[in-house]
Amino acid sequence: MDSQYKPTLNLPDTEFPMRGNLSQREPEMLARWEEMGLYQKIRNARAGRDKFVLHDGPPYANGNIHIGHAVNKILKDVIIKSRTLSGFDAPYVPGWDCHGLPIELKVEELVGKAGQKVTASEFRKHCREYALKQVDGQRKDFKRLMVLGDWEKPYLTMDFKTEADIIRTLGKIIDKGHLHKGFKPVNWCPDCASALAEAEVEYQDKKSIAIDVKFPFANSAALLAAFGVQNDSLADKPVSIVIWTTTPWTLPSNEAVSVHPTLEYSLVLLKEQGEMLVLADALVQDAMKRYGIGADGFEVLANARGEVFGQLPGQEEAPFVVHHPFMPATDAHTKTVPVITGEHVTADSGTGAVHTAPMHGVDDYNVSAIYGVRSAEMLVDGNGNFISNPALDALELSGLSTADKGNFKVLGLLAEKGALLKKANITHSYPHCWRHKSPIIFRATPQWFISMNQAGLLEQAMHEVQNTVEWRPGWGKARIEGMMNDRPDWCISRQRTWGVPIALFVHKDSSELHPRSAELIEQVALKVEEKGIDAWFDLEAVELLGDEAADYVKVTDTLDVWFDSGVTHTAVCKAREELTFPADMYLEGSDQHRGWFQSSLLTSVAAYGHAPYKTVLTHGFTVDGQGRKMSKSLGNTVEPQKVLNSLGGDILRWWVADTDYSGEMTVSDEILKRNADAYRRVRNTCRFLLANINGFNPVTDLVAGEDLLPLDAWMVDYTRQLQDKVKAFYLDYDFKGLTKTLMNFCVSELGGFYLDVIKDRQYTCKRDGLPRRSAQTALFHVLEAMARWIAPVLSFTAEEIWDNLPGEREESVFLAEWYEAFPTLAVTGFDDAYWQNILQVKEAVNGELEKARVNKSIGASLEAEVVLYAEPEQQAALAKLGNELRFVLMTSAATVQPFDAEAGQASELKGLRVGVLPTTHDKCERCWHHSADVGLNAQHPTLCGRCVENVEGDGEVRHYA
RNA sequence: AGGUCUGUAGCUCAGGUGGUUAGAGCGCACGCCUGAUAAGCGUGAGGUCGGCAGUUCAAGUCUGCCCAGACCUACCA
């Protein structure tokens with residue numbers, strides 16, 4: 001039942017709704033921002049200011065955005081918005097990575113392979129259209145996250161100008177001497193007759209023939225000596241090292257046998273056969289069983305580590321060579337190959353000695369490169385058949401398929417030569433072409449590389465990593481260092497259709513680059529700027545080379561897409577006026593230490609000698625509630641679109657800010673629910689603030705700093721000091737520090753204390769009297785500050801508050817800077833320490849009130865009267881508030897007495913005892929305080945004295961609170 | 001298998017250089033209020049600080065090993 005005096009109260013009132021209804025209202029706000037051209041207005045407002053450039057790492061233009069994309073974009077947006085609030089000109093140019101295999105595969109599904117149903121040129125056109133469509137889809141979602149940026153003019157790696165600049169940057173890197181041509185084994189499908197990318201390979205079980213093959217040592221006497229065996233009766237017996245392989249067809253290409261330098265090898269005598277074998281010590285038992293030799297059929301003569309008989313890095317020549325079982329050398333004997341050492345060798349299976357064919361295995365290739373072991377010729381053609389050459393012709397291998405006949409022929413040769421120790425069928429996981437489902441082979445092909453060492457690139461890049469770049473968190477440095485230290489040369493060529501061409505001419509005989517390559521590249525770039533990458537593929541060599549054209553071949557390889565995105569420091573940061581090079585920051589997930597951070601660094605150092613970024617900030621990956629990675633197959637993904645359509649963007653953003661992004665970021669329904677709870681608290685606090693400055697016009701009603709009541713002055717001062725912390729959190733990219741601090745402010749000092757205390761004054765005092773205007777002034781300052789504090793994170797809500805704030809202001813909170821219009825306050829002796837003490841006293845009193853409540857002697861705190869028995873210092877402090885102490889404690893009466901160990905109850909606070917009594921006075925109908933003067937006024941028999949004063953008189957006077 | 005990282009109450013996080021009964025907010029339970037009301041206030045219960053050893057008078061904090069998880073790389077001859 002409403003009191004007749006209710007209309008005389010100043011109750012809170014606001015249009016600002018309690019519930020955000022974010023999923024519906026955020027899109028409306030976005031439309032408004034777009035309509036007013038907010039991004040451009042911010043640019044204009046910050047023109048001429050210091051720049052802060054966060055360069056966007058381009059997501060791949062394929063598929064819907066997932067939660068990881070959302071995290072990345074939101075973090076970037078929070079940083080950019082906070083820097084903008086700090087007064088920086090912080091442009092954000094989002095980008096997309098548009099070339100490459102995944103798009104080709106999608107387009108293949110739609111129109112077929114390039115060169116089959118459609119021409120390469122048409123295929124590229126389809127790729128371009130497809131990529132554009134993907135960009136549109138992702139852009140819509142990114143904008144929905146309320147990420148502010150130049151969405152009208154993003155950068156695309158497939159923009160003609162960008163494609164041209166990618167080629168130019170390649171030219172620059174060639175100019176500095178970092179390019180070299182080499183070979184590399186790649187996944188090769190004999191049915192496609194082409195190379196396969198990693199993504200086109202799938203693993204299936206395959207039946208293979210596994211064989212143990214003997215490679216006899218050329219100098220067995222020396223080998224025995226190396227094993228420390230001196231026994232003349234053995235001297236004339238053959239010694240072989242045994243390899244195990246599941247790809248017999250690669251044996252013709254064998255160029256070495258690898259052993260592990262620190263693994264123990266045994267010299268085993270086969271008694272019956274009268275020959276010796278070298279095998280890994282740990283595998284002797286297994287091998288003998290496999291060969292059908294019983295325990296008494298062999299004897300281990302000696303052991304030696306691999307480094308004793310294998311060639312070590314740095315050694316000019318191999319200490320031992322072995323005879324290839326069947327490949328002929330120039331003379332009558334079979335050719336010999338070196339025994340080398342390699343870290344890739346294990347004693348897990350086989351024999352501990354690895355058949356090494358550099359043309360057919362990555363490890364083989366890498367280890368061979370260390371010793372300069374090279375195959376003279378690739379013996380297998382693109383269809384997986386042995387080529388024809390004198391040696392293969394003689395062995396009758398030419399033309400046979402490595403998949404069957406060729407393989408069997410090799411087995412036959414081995415058996416014929418007596419080199420085959422054992423043949424067995426095994427089933428193992430083996431790479432297959434995902435299209436043909438046929439087993440693939442490894443086949444070395446000519447490729448282009450950016451060399452880590454030929455022009456000192458690795459060294460320079462490492463210098464940048466260690467000395468000029470700031471890594472956040474600090475372990476990012478160790479991570480990228482480790483990754484760079486063991487990285488091979490960067491193979492930048494791909495045999496693909498949808499990619500930026502390696503726009504080079506090489507001599508048809510020598511394979512040397514054209515001497516005027518730098519100049520030619522610029523000419524090509526100009527054409528690509530006009531017509532895109534097709535300009536190169538359509539180009540006739542004569543156009544640029546004239547008469548020389550006959551001697552040169554146009555390279556048709558495309559660039560690794562990591563090169564595209566890696567050189568956006570040039571194609572975007574350098575090319576766009578609003579950006580800077582180097583950029584202030586790159587910010588991506590921790591997978592990019594291998595990816596974009598590295599490709600950007602290497603290309604920038606290669607081209608310009610320095611890093612493209614000053615700071616690299618890394619975030620972790622999202623995992624589910626159990627800490628497991630998100631995957632569609634596990635069904636534990638959290639889709640950002642779903643969150644946006646249910647809880648809303650501000651809640652997703654709050655979650656990003658509230659989570660420690662330096663490690664794994666956990667998301668689950670419960671976590672999002674908790675974040676929605678936190679959001680509601682912040683929102684409601686702001687709503688209550690707005691509701692209480694109802695009717696407040698800052699132009700006419702703002703109370704000067706020196707006139708504020710001490711409690712209000714404290715609130716203003718507290719807020720001002722909190723702002724320093726807020727700024728520091730943003731500067732330090734510590735967003736969880738920010739959200740936690742903000743939350744505590746809303747719950748403790750502000751929500752739990754100040755707002756609760758001033759309600760009485762707000763509601764009951766005269767509408768335009770000083771007591772109320774003083775509090776409103778404080779609330780106004782808090783709101784001005786807080787709207788800005790939350791804007792980088794709760795972008796929608798901040799703007800919504802901004803709309804509800806009185807006074808002249810910018811069109812959007814994002815055009816504003818941090819609030820600095822805090823008033824100068826009077827020095828009153830009521831400082832922060834004073835009020836913090838009061839807060840503790842209040843807590844102690846609450847403890848006692850709760851006991852009375854449990855006894856049912858009181859309900860609301862206004863039904864109580866308290867007496868505080870305090871030590872002198874505390875007594876003096878409390879007495880300073882005089883009669884207004886009761887307002888702070890929210891009791892109907894509060895008096896202070898000297899400490900008396902007998903009186904009241906001991907409270908939580910030492911030196912303070914508290915007496916709680918249920919009030920005996922009548923309750924004022926209007927202010928709900930119980931007071932002796934209720935009913936003294938005949939006109940208003942249900943009111944207390946101060947309410948009479950507030951209703952009829954000039955209004956009560958407040959001195960402190 | 002290797003490199004980098006993570007593991008503190010149900011949830012999200014604080015806990016410089018080792019030192020009293022390990023903190024906060026949320027959530028939860030109970031209570032109050034009904035003039036912030038799909039709100040607000042109060043009180044309270046929750047932790048062998050991933051595990052095991054060790055160094056030390058003293059370890060969440062240092063060392064080693066192990067377990068679980070994340071990212072990256074390699075391997076499956």
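Chain letters run A, B, ... following the sequence lines, proteins first, then strands; residues in each count from 1.
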Closer to the 5' end of RNA chain B via nearest nucleotide, is it A/A844 or A/Q592?
A/A844

For A/T246 and for A/Y5, locate the closest nucleotide of RNA chain B by heavy-atom distance; then report the residue assigned to the nucleotide nearer the 5' terminus.
A/Y5

Using Watson-Crick or G-U wobble geometry with both distances under 3.5 Å, which nucleotide pairs with [N]?
N	value
B/U6	B/A68
B/G44	B/C28
B/A53	B/U63
B/U37	none
B/A1	B/U73
B/G16	none

Answer yes or no for this row: A/W928 ring on B/G35 base, centroids under 5.5 Å, planes under 30°.
yes

[N] to [M] separation - [atom1] atoms, rounded to the nearest Å:
N	M	atom1	answer
B/U6	B/U17	P	15 Å
B/G23	B/G47	C1'	11 Å
B/G27	B/U43	P	15 Å
B/U21	B/U12	C1'	25 Å
B/C49	B/C62	P	15 Å
B/C72	B/A29	P	41 Å

Can you find a side-chain donor-acceptor pair between [X] and [Y] that sits under 3.5 Å?
X	Y	answer
A/N254	A/H324	no
A/T250	A/S253	no
A/R926	A/T8	yes
A/T797	A/D650	yes
A/D591	A/W596	no
A/E865	A/T919	yes

Of the residues in residues 689-696 of chain A, which ones touch RNA chain B at a heavy-atom distance under 4.0 Å?
none

Using a 4.0 Å heavy-atom cut-off across all strands, classify [X] as base, sugar-phosphate, or nothing.
X	answer
A/L9	base
A/G627	sugar-phosphate
A/Q762	nothing
A/K629	sugar-phosphate
A/K851	nothing
A/R926	base
A/G476	nothing

Determine whether the aromatic ring centres of [X] and [Y] lie less than 6.0 Å apart.
X	Y	value
A/Y733	A/H619	no
A/H360	A/W249	yes
A/F729	A/F735	no

Are any non-hydrogen side-chain atoms of A/Y586 and A/S600 less than 4.5 angstrom apart?
yes

Side chains of A/L849 and A/V866 in contact at under 4.5 Å (non-hydrogen atoms)
yes

Begin with the C-alpha distance, continue with both residues' side-chain angles, and end with the deciding distance and a verdict on side-chain hydrogen bond (donor to acceptor under 3.5 Å, both in side chains) for A/W928 and A/D760.
CA-CA 9 Å; A/W928 295 349; A/D760 173 79; over 6 Å; no

Neighbour count >12 (heavy atoms, 6.0 Å) for atom CG, A/N485
yes

Detail all sub-3.5 Å separations between protein N/O atoms and N/O atoms belonging to nucleotides 27-32 of chain B.
| from | atom 1 | to | atom 2 | distance (Å) |
| --- | --- | --- | --- | --- |
| B/C32 | O2' | A/G859 | O | 3.3 |

Side chain of [X], heavy atoms from C-beta onward: which of [options] has the nearest atom to it?
X	options	result
A/F688	B/G25, B/A77, B/A36	B/A36
A/K759	B/G40, B/A14, B/U37	B/G40
A/K740	B/G25, B/A70, B/C13	B/C13
A/L755	B/A70, B/U43, B/A36	B/A36
A/M18	B/U37, B/C71, B/A70	B/U37
A/K736	B/G3, B/U12, B/C13	B/C13
A/D660	B/A14, B/G40, B/C26	B/A14
A/R479	B/C41, B/C72, B/G69	B/C72
A/L11	B/C71, B/G35, B/C11	B/G35
A/M483	B/G3, B/U12, B/G25	B/G3

So, is B/G46 syn or anti if syn means the angle is within 90° of 0?
syn

Any donor-acceptor N/O pair under 3.5 Å between B/C26 base and A/R681 side chain:
no

Any side-chain N or O of A/Y679 below 4.0 angstrom from OP1/OP2 of B/C26?
no

